[in-house]
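Side chains included, hydrogens not; waters and symmetry mates left out as well; all remaining heavy atoms used. When a residue number appears, it is its place in the shown sequence, counting from 1. Order of listing sets the numbers, starting from 1, for every ligand and every atom in it.
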Amino acid sequence: MLYNGRSMQQQPWVVHKFGGTSLANADRYRDVSRICLLDKSPRKAIVVSAMSGVTNQLIDLIRQATRREEYLVSWEALKRQHSDTLSQLLPNHPSGLLQSIETDFDHVKEMLRGIYLARSCSDQMLELISGYGEIWSAQFLNAHLQRQKIDSTWLDSRQVLVVRSEPLAAVVNWDVSKSKTGDWLKANPAAVVVITGFVASTLEGIPTTLKRNGSDFSASIFGSLFEASVITIWTDVDGVYTADPRLVPEAVVLKELSYNEATELAYFGAKVVHPNTMAPAITREIPIWIRNTFRPEKPGTQIHGKCATDRPVTGFATIDRMALINLEGTGMIGVPGVSERLFGALKEVGVSVVMISQASSEHSICIAIPEPQALLAKETVEKAFFGELHRGQIQTVSLVTGCSILAIVGDNMARKAGIAGRFLGALGQAGVNVRAIAQGSSERNISVVVEGSQATKAVRAAHAAFYLSPQTLSIGVIGCGLIGGAFLDQLKTQIAGLKERSNIDLRIRGIMNSRKMVLTDPELDLGSWRPRLEGATEKADLAKLVGHLVTDYIPHTVVIDCTADDIVPKQYPEWLKQGIHVITPNKKGNGGPLKLYQQIEQSRQESGRHFLCQATVGAGLPLLRTLRDLVKTGDKILQIEGVLSGTLSFLFNSYTGERAFSEIVKEAKTLGFTEPDPREDLSGLDVARKLMILGREMGLPLELSDLSVQSLVPEPLRSGTTENFLNRLAEWDVEMKALWEKANAKNEVLRYVGTIIPGGQSSVALKSYPKSHPLAGLTSSDNLVAFRTSRYHSQPLVVRGPGAGPEVTAGGVFADLLRLVSYLGGPA
Ligand code: ADP
Ligand code: ASP
Ligand code: MG
């Protein structure tokens, strides 16, 4: 058969590698073979790991036997797992395959018996036993492919891959491996070759391995030996992320990265690919793709040599369970060969030094090593420097355990200034204590040692500093009724544009009504917030909501209280103290008891967090803002007068003597222009609160009782249900009509007006105004406030416009949110 006019033997190979995570059971083997068959390349080499967890189980068997623990039960279980998978994958499988696997298991059992008796296991035995998982796995996949009539065979890589086994790595003997592979391929022509990952043999033919997670390395070695055009490593994530997605929910998949970057990230713990993998691919410039077996439709990440991006930092990785050894002494200054002796001694006993940090004064050397090797390393160092310690030239060899290393990696780091500063600054701000710092000589990485318990916080903070917009906000909305709902709907239409145009990243991570809440990570899709909340099963819990919102990987937290109740505002001072910004149209906070207002103010000032409440007065109108500007710029307020309630404005603008007043009240409630209980408006309490908020903004320590308030709720209706009130209000229509007629007779209209006079009596009252007065000209639910000040003396500064209704109030809340973003350094 010819492909593009060439015989199959002339076609390049492609390599696919499937890790243990992709090979958990019979179904996964089926998925894997489906993925292989989707690739129409004529020649495919498929490198497989052992089934998920099998290598660990084999090593555990050895540990049990060495300790003389019962190991047969686990051995039986492992054997059953394999025979079960085989029967599920291949009903009526060829009996030869099962027999061969059973023979392997018998061999393992015999070796375990020997280990049990000897109470020890040689390195060679360990290598042999731990590599069986790959031998079985490759045969499973091959048999499954053959069952589907694929021209497939399998290669036990111990036959062709020759390595020299070093304590920490395996060094490939390329010449011998190449020639053995060539011979094998000639003798075994097939379109698909399933290859055992991880295992190899020494020049003497002794089975060995490429060390833990080594089958990625196998993939690139075979990529090179087969002269493949591409290597695809299939795993359980969408590609190489900017950081381990299990630690950093904000991590994003990288489209591409360089071989060097991938090597560094892997070296510093990014388990997604083994650090040795890149070397064989570099020589032949074979691109490596990392893709997700469970989501093959995703493009994945390409690792190659021509990666050209201008991002300052590519990725972050951490290694846990590290220890730090610090060698300190004035006697080391200027003494040649101290480092050489140190590393020589550690190498001798097989301790791998992951990071070195040396002061240029040579007064101290600090090394990071894997924690399990800490005591051995300390003893070794003390032995190697016995003389110096004895003579007092080295004062201390100290050991700190429970550390982690965090590294940031990027090819462009060398070319960009300020990266280290930004990195260390972010750690400092997150309160992470850095114990040692090192920078790779290629300037492709900076690594720090931190306390293990702070590692996650550290990687999240560092990631946020480079990958998140500084204007990323974690937002919770309490109260999703008329105003809260309108706000979420408005946000929905703007959120993507804000991100795109201005790099403002607004993330709604919690919404709550009086009964239920939805907490999400990542952010909630605003297209479906209503059904999500309706279908929610989690009970409303304010503390839990706030606990969820505050997260160390998002720079700012905001609570938006769209309720009308007085319970939530009691939390404002505490939230501000915790570093949370608060935005609200709820008047029960800054318009609540004076003590609460003062606590909010104090917490706001002490914490430096923002409390934004524009929408508490005049909904979306710039009333508070205008007043604040006047006061701050030194103007003197002489009087504020106006219609401050959209509801009452609507009522009296609509009350032209024809329709009954009670009817107009009912209509206003239906239109959503009143509080849930219209008495809150008619009592004058709502206007009084707003007036008080304005007064407090001017610095007047007002309580509600300081204002004289004329209530429009008839005395007998002040208690009882809202329904009762609405049903009986008509009984007072005559009284209201009389007031209207009296005003009308003077060619005046009724207006419910609040007045504040510094040093004088502030009041809320129903007054009549000549038809020529600006207040008489109000329409609909307009508010109008006139500020008479020493600057605006003869003509007051007037703000007028709709001052009620969910849309404009929500707009006021939204404007506050954007104002907060600009206070936090975002675009104004
Ligand atoms: P396999 O069995 O396929 O070899 P591994 O478990 O060895 O899979 O590697 C995949 C895992 O690596 C992922 O599940 C992920 O949790 C982890 N990981 C760590 N760092 C990263 C990173 N930067 N990008 C992607 N995955 C990462
Ligand atoms: N099975 C081996 C391990 O678990 C090799 C690999 O999966 O990469 O270490
Ligand atoms: Mg792996």
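- The side-chain heavy atoms of Cys403 and Glu451, taken from C-beta on, include no pair separated by under 4.5 Å.
- The side-chain heavy atoms of Val73 and Glu76, taken from C-beta on, include no pair separated by under 4.5 Å.
- A heavy-atom cutoff of 4.0 Å around ligand 1 is satisfied by the protein residues Lys17, Gly19, Gly20, Thr21, Asn213, Trp234, Thr235, Asp236, Val237, Gly239, Val240, Tyr241, Ala243, Asp244, Pro245, Arg246, Ala270, Lys271, Val272.
- A ring pair (Phe, Tyr, Trp, His ring centres under 6.0 Å) check over residues 274-297, counting only residues at least two apart or in different chains, returns nothing.
- Contact annotation: the side chain of Ile288 approaches that of Ile233 to within less than 4.5 Å [non-hydrogen atoms, C-beta and beyond].
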Distance-only check: which donor-acceptor pairs under 3.5 Å involve side-chain atoms of residues 217-225, not counting sequence neighbours?
unit_1	atom_1	unit_2	atom_2	d
Ser218	OG	Phe198	N	2.7
Ser218	OG	Gly214	O	3.4
Ser220	OG	Phe217	O	3.1
Ser220	OG	Thr277	O	2.7
Ser224	OG	Arg284	NE	3.4

Provide, line by line, the atom pairs where ligand 2 and the protein bring an N/O atom each to a distance under 3.5 Å; else say none.
unit_1	atom_1	unit_2	atom_2	d
ligand 2	1 (N)	Thr55	OG1	2.7
ligand 2	1 (N)	Glu134	OE2	2.7
ligand 2	4 (O)	Thr55	OG1	3.3
ligand 2	4 (O)	Arg212	NH2	2.9
ligand 2	7 (O)	Ser49	OG	3.0
ligand 2	7 (O)	Ser215	OG	3.4
ligand 2	8 (O)	Asn213	O	3.4
ligand 2	8 (O)	Gly214	N	3.4
ligand 2	8 (O)	Ser215	N	3.1
ligand 2	8 (O)	Ser215	OG	2.5
ligand 2	9 (O)	Arg212	NE	2.7
ligand 2	9 (O)	Arg212	NH2	3.3
ligand 2	9 (O)	Asn213	N	2.7

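- Between the CZ atom in Arg63 and the CG atom in Asn56 there is a gap of 8.5 Å [rounded to 0.5 Å].
- In this structure, Asn188 and Val193 have side chains that are not in contact, with every pair of non-hydrogen atoms separated by 4.5 Å or more.
- Taking CZ from Arg507 and OG1 from Thr551, the interatomic distance works out to 10.0 Å, rounded to the nearest 0.5 Å.
- Note that CG of Asp106 is 10.5 Å distant from CE of Met111, once rounded to the nearest 0.5 Å.
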